[in-house]
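One structure below.
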Amino acid sequence: MDLLQPQHRIYVAGHSGLVGSAIWRALAAAGYDNLIGRRSGELDLRDHDAVDAFIQRHQPDAVVLAAAKVGGIAANSEHPVEFISDNLRIQTAVLDAALKHRIPRVLFLGSSCIYPKLAAQPINEDALLTGPLEPTNRAYALAKIAGIVQVQSVRSEYGLPWISAMPTNLYGPGDNFDPEHSHVLPGLLRRFDEAARSGATEVVVWGTGSPRREFLHVDDLAEACVHLLRHYNDDTAINVGTGVDVTIKELAKNIAAVTGFTGSIVWDTSRPDGTPRKLLDVSRIKETGWSARISLDEGLASTYQWYESHRENLRG
Ligand code: GDP
């Protein structure tokens, strides 16, 4: 059964961000051209009443909640209040309005960091809420867990076919390349590129290099979201990943190669490693007929190309 019709009006909350813009592109490419988006200057998603009025006015057939306050390990550790408060407010405002106006289809996006720090690898969906969280992003994770439970509660209490997806670490065009507050992949692309261009002899990378991470290109996530919106209707927040991970050391070497940096890598072990490993078990989404297509090598090369042509004009 296809739960999304070509004429459906779809509101993509957060349509100018890394994830939202990719979902917008994927929906448009698949022929859904009745899309709605608002920038944060036009609609503050933390404002419960404004969001309610917006949803009432537009009465979309589906809402994709891709708006969130996100950041890397440093940003999460330094500003936990924003990460819990903004995210709770954004998702409560959007989900409350969607329920009040009985929006039939909602896709909420969680994150792989909501799983317990020491979850068995690869992480199965059943690991949710079975152990303590990674302290560096506990505030963000708790907000996202609340969103997932809100979606499940709406399903059980009101019978609406709302769903959640759990993406692994994402990257791609339009990412935040801030040297201090971004995630590791864009942060390192920028640092290695700057070092390669200035002729620096070394680049500092945080931690020990031994943590393992799985990286999903945001265009793959976007295709997964369209697929799930069309065909998935289950209580379980479904994992979306590649099923393959690399060490931060391997990632740094790949990025050095892509950017043409030939100097040495220095590990700053005063910086936290975070969770030791975060690889999602993607067997459930594979069973629904979807798998990631963009390899890390391919995705790194195209993201670097994007970065090079937008270098002078980046956000963050
Ligand atoms: P996490 O997956 O939530 O831990 O988020 P990050 O993407 O911020 O970090 C992933 C891993 O990369 C952690 O072990 C970091 O210590 C490591 N890392 C190495 N260099 C950097 C860097 O320049 N920026 C960030 N954000 N992380 C880095």
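Values below: all heavy atoms of this structure, side chains included; hydrogens, waters and symmetry mates excluded. For the single chain, residues carry numbers from 1 onward in sequence order. If you're wondering where the values come from, they're calculated on a predicted model, not measured in any experiment. Every number for a ligand or one of its atoms is a count from 1 in the order of the listing.
For Asn76, no heavy-atom contact with ligand 1 is shorter than 4.0 Å. Here Ser182 has backbone heavy atoms under 4.0 Å from ligand 1, and that is the only part of it that gets that close. Contact annotation for Lys278 and ligand 1: only side-chain heavy atoms (C-beta onward) come within less than 4.0 Å of the ligand. At a 4.0 Å heavy-atom cut-off, ligand 1 does not touch Thr136 at all. The proximity of Leu188 to ligand 1, defined as any non-hydrogen pair under 4.0 Å, is limited to the side chain.
Shortest non-hydrogen contact noted between Thr168 and Gly241 is CG2-CA, 3.8 Å. Here the shortest heavy-atom pairing between Asp96 and Gln150 reads OD1-NE2, 3.1 Å. Shortest non-hydrogen contact noted between Asp175 and Phe177 is O-CD1, 3.2 Å.
With respect to atom 23 (O) of ligand 1, the closest heavy atom belonging to the protein is Arg191 NH2, 2.5 Å. Closest to atom 8 (O) of ligand 1 among all protein heavy atoms lies Ile73 N, 2.8 Å. Nearest protein heavy-atom neighbour of atom 11 (C) of ligand 1: Ile248 CD1, 3.6 Å. The nearest heavy-atom contact from the protein to atom 14 (O) of ligand 1 is Asp273 O, 2.5 Å. Scanning the protein heavy atoms around atom 18 (N) of ligand 1, the nearest turns out to be Val184 CG2, 3.5 Å. In this structure, atom 15 (C) of ligand 1 lies nearest to the protein heavy atom Pro272 O, 3.9 Å. For atom 2 (O) of ligand 1, the nearest non-hydrogen atom of the protein is Arg213 NE, 2.7 Å.
Every residue two or more places apart in sequence or in another chain was checked for a side-chain hydrogen bond (donor to acceptor under 3.5 Å, both in side chains) with Lys253, and none qualifies. A search for side-chain hydrogen bond (donor to acceptor under 3.5 Å, both in side chains) contacts involving Thr92 returns nothing, not counting sequence neighbours.
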Using the rule given for salt bridge (Lys or Arg N to Asp or Glu O under 4.0 Å), can you reason through Arg46 versus Asp86, listing the C-alpha separation, both sets of side-chain angles and the distance that settles it, and then say yes or no?
CA-CA 7 Å; Arg46 296 168 303 184; Asp86 283 3; 3.6 Å; yes
Begin from the C-alpha positions of Phe83 and His79 and carry the test ring-ring contact (aromatic ring centres under 6.0 Å, His included) through to its verdict.
CA-CA 7 Å; Phe83 282 89; His79 303 289; 7.4 Å; no
Asp245 and Arg212: salt bridge (Lys or Arg N to Asp or Glu O under 4.0 Å), yes or no, with the steps?
CA-CA 6 Å; Asp245 64 356; Arg212 303 185 70 90; 3.2 Å; yes
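Each of the atoms 19 (C), 20 (N) of ligand 1 lies under 4.0 Å from some heavy atom of Val205. Near Asn137, meaning under 4.0 Å from any of its heavy atoms, are these atoms of ligand 1: 3 (O). Every atom of ligand 1 is numbered from 1 in the order shown, and the set under 4.0 Å from a heavy atom of Pro211 is 14 (O).
Looking at Gly72 next to ligand 1, no N or O pair under 3.5 Å apart turns up.
Ring geometry, His15 versus Trp24: the interplanar angle falls from 30° to 60°, so the pair is classed tilted.
In summary, Asp193 and Arg190 do not engage in a salt bridge, as defined by a charged side-chain N under 4.0 Å from a carboxylate O.
Relative to atom 24 (N) of ligand 1, the option among Tyr140, Phe215, Trp267, Trp206 with the closest non-hydrogen atom is Trp206. Nearest-heavy-atom check against atom 5 (O) of ligand 1 across Arg212, Lys249, His183, Glu214 picks out His183.
With 3.5 Å as the limit, one finds a donor-acceptor pair spanning the side chains of Asn239 and Tyr115.
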